Structures are given as C-alpha cells and as structure tokens.
Amino acid sequence: MLLQEFSVLEKQPTLLSSQLFYRNSVADLTLNRVMLFWKRVDMSRRHARSFLCVSKDAKNTFLLLNDIIVARETEEGGQKNKQGGKKEKVPLHSYGFTVSYADRTKHHRWRCKALMFHCKDKSQCQQWVQTINDQLSLLCSRPKRLLVYINPYSGKRLGKRIYEQRVAPLFAQASISTDVIVTKHANHARDHLETEADVEQYDGVVCVGGDGMFSEIIHSLLYRTQRVSGVDHHQYDQDLVPCDLRVGIIPAGSTDCICYATTGTNDPVTSALHIVLGDSQPIDVSSVHHNNTFLRYSTSLLGYGFYGDMLMDSERKRWMGPARYDLSGVKMFLNHHYYKGTVSFLPAEGNLEFPKDKMGCRSPCHICKTSVNRLSLSGDQVCEMAKEKSDREMSDDGAWHVIRGTFLAINAVCISCACPRSPGGLSPSAHLADGTMDLILVHRASRLDFLRHLIRHTNKDDQFNLSFVEVHRVRQFRFAPEQSDVTSEAELSECSRKIGTAQVGSAPTGPGTSHSSWSCDGEILPQAAIQVSVHCQLVKLFARGIEWGSSSTHSHCL
C-alpha cells in the first residue's frame, strides 16, 4: 500500500531537484507539489538501514507537503541533530537548511521534528528554502492570524503556562500572528466575541482551557452567525447557518473530551500542530429548546439523571478542582436516584452504521463524508428531502418513537465523549459529523448492575450489552418528566416507613414534584422538559479526526 501511494505521489510535476548532503551521505532530494522525497546515491550496506522507511524494500523517503511546517536556513559548519543528539559532520563551508514538520508518535500524539540538509553554496540553499516556503504559502487553509483566549482557571490552572511554553513557540515558528486575551471572569470570551472582536480579520479562534471554555466560544460564534444571517434560533425547527470561522482547542481543562474525541489525545502540542497545519474537521452541534425558547447549544454531553445530579452537586465543590467530579460521582452513585419520564425520538435513517457496531469515527470517515455530500445538494433537492421528512413525521405509521419509563440516566451525545479516564467514551461509535446523536437510556437497575455499566466506560467491554441499557441513533428527541418521579431508594424507604403503603419502585404519594436537571456541556439547564435537534456540521475545528493507527504511514525514518 505504501509503495503504491509513493509511486502515485512521485508522478507529480517536479519543482526542484538537487544532490544534497543529508546525515553524512549524499542524497537526491526532490520537491513536487505534494511531497518532499529523497534517495541515497551511495546505498552502501553501512547506511542503507536508515533509508528503509516506506517498506523493507523501498529506497526512498518521503514527507508530505501538508505535514511540513516551515523551511529555514541554518548556521554554517554543522548543527546539533535534534533526533540523534549528536553534531553532524558536514563538508567544510557548506550551507544548510532545516525542514520542520509534524511527526506522528504513539497514542495519536504529534511532535515537531526537523530534518537538516546541506548544499554546495548559499544560493542553492536559499533556493530550496524559498521554493518550499512558496509551496506552503499556497496552502490557503493554514491560518495567518488567530484570536486566542486563555482561561487561567481551567483544570489545574496551567493554561497560561501551557500556551506560553508549548504553543506560542510553534505559532511563532509558523509565522502565525496572534492577539491573546487572558479571560478575567466567566463569559469574558463570550462577551468579547459578541460585542468587541472583529472576527473578519482572523482566520480562526483558539481557546486555551477546557470544554467549558470551548462552549463559550461556539455559543458566541453561532449566536453571532445566526444574528448576521437573520436566523431566529429560538424556532425549534429552524435550519441554522454554519459558522465559517474555525475553532482551535488547546486542552488545559479537567476532561477535554472535545479535544480527545477529535484528535485522539488531550496533548497541547498535538492540538497546536493541527492548528498550524490548518486542519479542518466539522462537527455536529445540537440545539436545546424549551417550549420554543432556545436554551443552549451542545457539542458533547446532554445528561439527565446521574450526570445531571453529579454536575449539580459538583458545582457546590468547585474549590476542590477536578477532584470534585470524583466525589460527586460517588455520592450520586450511592444515592441511586432514578426518575420517571417520557422520551420521544426521531430515529436516524439511511446510516450504514449504528451505535453498537463498534466502528468508531476514523479519518477519513465515509459516513461523515456522505453527510458532506448531502449538505451540498441543490436547493430543490433539499426542499424535496425536507418535504419527505415532514411527511414521515406527520404520518400515522409513527416515525417518532415513544418510550415511557423510569431512568437512572438519559444521555445524548454528538461525539464519543472520550477522555483519558474513558478512552472509548459514552458512545464509542458516535460520529463527529453525520448529523445524528446517540441517545442512551439507562433504565432502573440495581446499584450493582449500574456499577457494571459505569465500569464498562473505562474498559473495552460493551457498555450497551446490558438488559437495562438501550441506545438509539437519532436526529431529534424530546423529554418530558412526570410530575411525581421516583427519587431514590433511601427516600422511598423513608416514605414507606411513614405512610406504610409505598414500595420501592413505585412513585411516592403526596403533593410536589421531584426531577433531575440536565447537564449541557458542563452547564445546568433550568428546565427538565426539553426538545433537542441535531444540526449537521455546524462548526469546524482545527483538527482532522482520529486517524487510523497511532503513528503516521507517511513519516520517514529518523
């Protein structure tokens, strides 16, 4: 496969070719419009091993142009080799240049590495640097100017240090200019984006923080986009306008699930390199309404019951930092609250894969690509599809499914919601950009069974293969709580003791209501009855999705 790929790329028109000195050997270096590749002139047995990188029989090494960050001249007379740590021996009076590139390492992490070549004269060196950088300048997807927001309070409060020490040098190396704003209070970034920022002069917005910071940014951008486009987002069935400005995430929060689910890691350097290379990954966004009033956007988790209660309790313990989630999680597990309600949902149609297929969204994803093709349909085709969709929803055969029951948790996710503690996430097969969400219903069960379900989020066991758990891939859903909900086994036991008639599993009698709260990307929603609709590819990130494997197939041997 690699040899076939190289042979196709090699046939591109040659832009520059020379015999240069590389790693104590002479090599034929060639640049075309898609890659830089080289081949040793003297294939002696002593040095052959370092060039066998495409396959065991290949004699060429190549680096895709899309993975190159910059080329620059280096000092004369030799330079320390970043890969081997030793000083290279170079010909006397030679001139050199360095090619910096993004290299894939284990566990989807990327690192900035460099190759150094040496030329016979200065003009040849300058020609190579100029030609490579000219080709990089043609990659219009790469950002030139960014607006950066840093939340100094996210996670372990290391956001400012992470940006200054690990991210800013990469932006400077790639000649990206930045306007940096350190937020001083909650919603600082949101307010600045909505009222002061001139977004037209930027190629993207970068947030250094956690999922809450990212939520602030997309709310501002989407609100601004709908306002400029004249779209009323309070209408539940309104088609929203996608945001053109890409968003970058430098992870510095407690979970960083958005970053983890779109790059495969919560590593700041990896995210910075995705931004530098100008990657673009669309993601779905769901809008949450209550009685035709817009509440919030959601890109990750909408959770009712267990996760809603856990977030509500953890808000009272913010002084504890990330540890508050562990304590609140244990407390909610022991309380074992469950709630009655009605869930209605419109199933996704036409998808080739489903929540239980164990096929995660991997780049390039053919399911998400199909959604891209659907978005590119003509206006007449879109109208026809909308009419067919409306007919299905209004027909008597019941396209909407209704489930009434008692639930420990109701979770709706647009992405897998993977994080370091849960590598698979809440729904491992959720897609980033297919216009659907996975609706997970956890019915009433014993503490032991619920614990089995929670533990399966941390290992490779199927968390859906339990009798009390069901999952559906949907485009819309609604939830309505009952006015008299079951709250907890402890409260039911106390109620039974007092009135002598209530039993565990039945609703308590008497006036009043008891219901959970919805957790929407880390924010509490005031209403329990909600309507949710997914909007396909509403936001673009500086990412490319999780790639197959943990290292690059294009990378050369170093």
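All values reported here derive from a predicted model rather than from experimental measurement.
Shortest non-hydrogen contact noted between Ser416 and Ala430 is N-CB, 3.8 Å. Closest approach of Cys207 to Met213, counting heavy atoms only: CB-CG, 3.7 Å. Taking both residues in full, the closest heavy atoms of Gly305 and Ser516 are given as N-OG, 3.1 Å, listed atom of the first, atom of the second, then distance. Between Phe214 and Thr299 the shortest heavy-atom distance is CE2-OG1, 3.6 Å. Residues Leu277 and Ser141 share a closest heavy-atom pair of O-OG, 4.3 Å. Asp284 and Cys536 make their closest contact through OD1-CA, 3.3 Å (heavy atoms, listed as atom of the first residue, atom of the second, distance).
We find that Glu547 and Arg104 are joined by a salt bridge, their nearest charged nitrogen and carboxylate oxygen being less than 4.0 Å apart. Between Asp326 and Lys331 no salt bridge is recorded (no basic side-chain N to carboxylate O distance below 4.0 Å).
Using modelled atom types and a 3.5 Å distance limit, the side chains of Glu470 and His472 yield a donor-acceptor pair. For the residue pair Tyr339/Asp309, the side-chain donor-acceptor check at 3.5 Å is satisfied. No donor-acceptor contact under 3.5 angstrom links the side chains of His108 and Thr263, judged on distance only. Between the side chains of Thr370 and Asp434, no donor-acceptor pair of N or O atoms lies under 3.5 Å.
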### Message
Quick one, Tyr304 with His515, criterion side-chain hydrogen bond (donor to acceptor under 3.5 Å, both in side chains). Give me CA distance, side-chain angles, the key distance, then yes/no.
### Response
CA-CA 9 Å; Tyr304 184 86; His515 55 76; 4.6 Å; no

### Arg296/Leu525 under side chain to side chain contact (heavy atoms under 4.5 Å, CB included): CA gap, chis, key distance, verdict
CA-CA 8 Å; Arg296 285 188 69 85; Leu525 298 182; 3.6 Å; yes

### Stepwise side chain to side chain contact (heavy atoms under 4.5 Å, CB included) test for Val532 and Ser287
CA-CA 6 Å; Val532 184; Ser287 59; over 6 Å; no

### Query
What's the verdict on side-chain hydrogen bond (donor to acceptor under 3.5 Å, both in side chains) for Thr255 and Asp211, showing C-alpha distance, side-chain angles and the deciding distance?
CA-CA 7 Å; Thr255 56; Asp211 295 331; 3.1 Å; yes

### Candidate pair His233 and Tyr223, rule side chain to side chain contact (heavy atoms under 4.5 Å, CB included), full reasoning
CA-CA 8 Å; His233 64 183; Tyr223 174 78; 3.6 Å; yes

### Task
Any chance you could lay out the side chain to side chain contact (heavy atoms under 4.5 Å, CB included) test for Val343 and Arg404, step after step, and finish with the verdict?
CA-CA 6 Å; Val343 178; Arg404 297 179 178 87; over 6 Å; no

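Side-chain contact between Leu147 and Leu245 is absent, with no heavy-atom pair separated by less than 4.5 Å. Taking the side chain as every heavy atom from C-beta outward, Tyr260 and Pro420 approach each other to under 4.5 Å. The side-chain heavy atoms of Leu193 and Val199, taken from C-beta on, include a pair separated by under 4.5 Å. Residues Arg224 and Leu221 are not in side-chain contact: their nearest non-hydrogen atoms beyond the backbone lie 4.5 Å or more apart. Using a 4.5 Å heavy-atom threshold, the side chains of Cys365 and His431 count as touching. When side chains are defined from C-beta on, Ser533 does not count as touching Ser286, because their heavy atoms never get closer than 4.5 Å. Contact check for Phe468 versus Val442: side-chain heavy atoms found under the 4.5 Å cut-off. Ile275 places a side-chain heavy atom less than 4.5 Å from the side chain of Leu146.
The residue from Ile218, Ile249, Val247, Asp521 that alone fulfils the side chain to side chain contact (heavy atoms under 4.5 Å, CB included) condition with Ile258 is Ile249.
Under a cut-off of 6.0 angstrom, the local environment of CZ in Arg227 is crowded, with over 12 non-hydrogen atoms contributed by other residues, nucleotides or ligands. Heavy atoms of other residues, nucleotides or ligands lying less than 6.0 angstrom from CG of Asp244 number 12 at most. Within 6.0 Å of atom OH in Tyr153, 12 or fewer heavy atoms from other residues, nucleotides or ligands are found, so the atom counts as exposed in its surroundings.
In this structure, Arg478 satisfies the cation-pi test against Trp400, with its NZ or CZ atom closer than 6.0 Å to the six-membered ring centre and inside 45 degrees of the ring normal.
In this structure a side-chain-to-backbone donor-acceptor pair under 3.5 Å is present from Glu216 to Asn187. At least one donor-acceptor pair closer than 3.5 Å links the side chain of His290 to the backbone N or O of Ala529. Within the 3.5 Å criterion, the main-chain N or O of Ala433 finds a donor-acceptor partner in the side chain of Gln537.
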Enumerate donor-acceptor pairs with a distance under 3.5 Å from any side-chain N or O in residues 450-460 to protein atoms, sequence neighbours excluded.
unit_1: Arg452; atom_1: NH1; unit_2: Asp449; atom_2: OD1; d: 3.0
unit_1: His453; atom_1: ND1; unit_2: Gln463; atom_2: O; d: 3.1
unit_1: Arg456; atom_1: NH1; unit_2: Asp462; atom_2: O; d: 2.7
unit_1: Arg456; atom_1: NH1; unit_2: Asn465; atom_2: O; d: 3.4
unit_1: His457; atom_1: ND1; unit_2: His453; atom_2: O; d: 3.0
unit_1: His457; atom_1: ND1; unit_2: Leu454; atom_2: O; d: 3.4
unit_1: Thr458; atom_1: OG1; unit_2: Ile455; atom_2: O; d: 2.6
unit_1: Asn459; atom_1: OD1; unit_2: Asp461; atom_2: N; d: 3.0

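The aromatic ring centres of His274 and Phe542 sit 6.0 Å or more apart. Less than 6.0 angstrom separates the ring centroid of His192 from the ring centroid of Tyr149.
If you take OG1 on Thr293 and CD1 on Ile530, they are separated by 13.5 Å, rounding to the nearest 0.5 Å. For the atom pair Asn266 CG and Cys419 SG, the distance stands at 8.5 Å (nearest 0.5 Å). Here the straight-line distance linking atom CD1 of Ile403 with atom OG of Ser344 works out to 9.0 Å at 0.5 Å rounding. Note that CG of Asp357 and OG of Ser429 are 4.0 Å apart. Values are rounded to the nearest 0.5 Å. Here the CG atom belonging to Asn151 is positioned 9.5 Å from the CZ atom belonging to Arg157, to the nearest 0.5 angstrom. Rounded to the nearest 0.5 Å, atoms CE (Met437) and CZ (Phe345) are 12.5 Å apart.
Under the rule for a salt bridge (Lys or Arg N to Asp or Glu O under 4.0 Å), the partners of Asp438 that lie at least two apart in sequence or sit in another chain are Arg473. In this view, Ser328 and Met310, Asp313, Ser314, Lys317 satisfy the side-chain contact (heavy atoms from CB on, under 4.5 Å) rule, not counting sequence neighbours. Residues satisfying the salt bridge (Lys or Arg N to Asp or Glu O under 4.0 Å) test with Arg166, not counting sequence neighbours, are Asp267. In this structure Glu164 satisfies the salt bridge (Lys or Arg N to Asp or Glu O under 4.0 Å) test together with Lys160, sequence neighbours excluded. Shown here are the salt bridge (Lys or Arg N to Asp or Glu O under 4.0 Å) partners of Asp279, two or more places apart in sequence or in another chain: Arg544.
Ring geometry for His289 against Tyr236 counts as perpendicular: the plane angle is over 60°, on a 0 to 90° scale with 30° as the lower cut. Under the 30°/60° scheme for interplanar angles, the aromatic rings of Phe407 and Phe479 are found to stand perpendicular.
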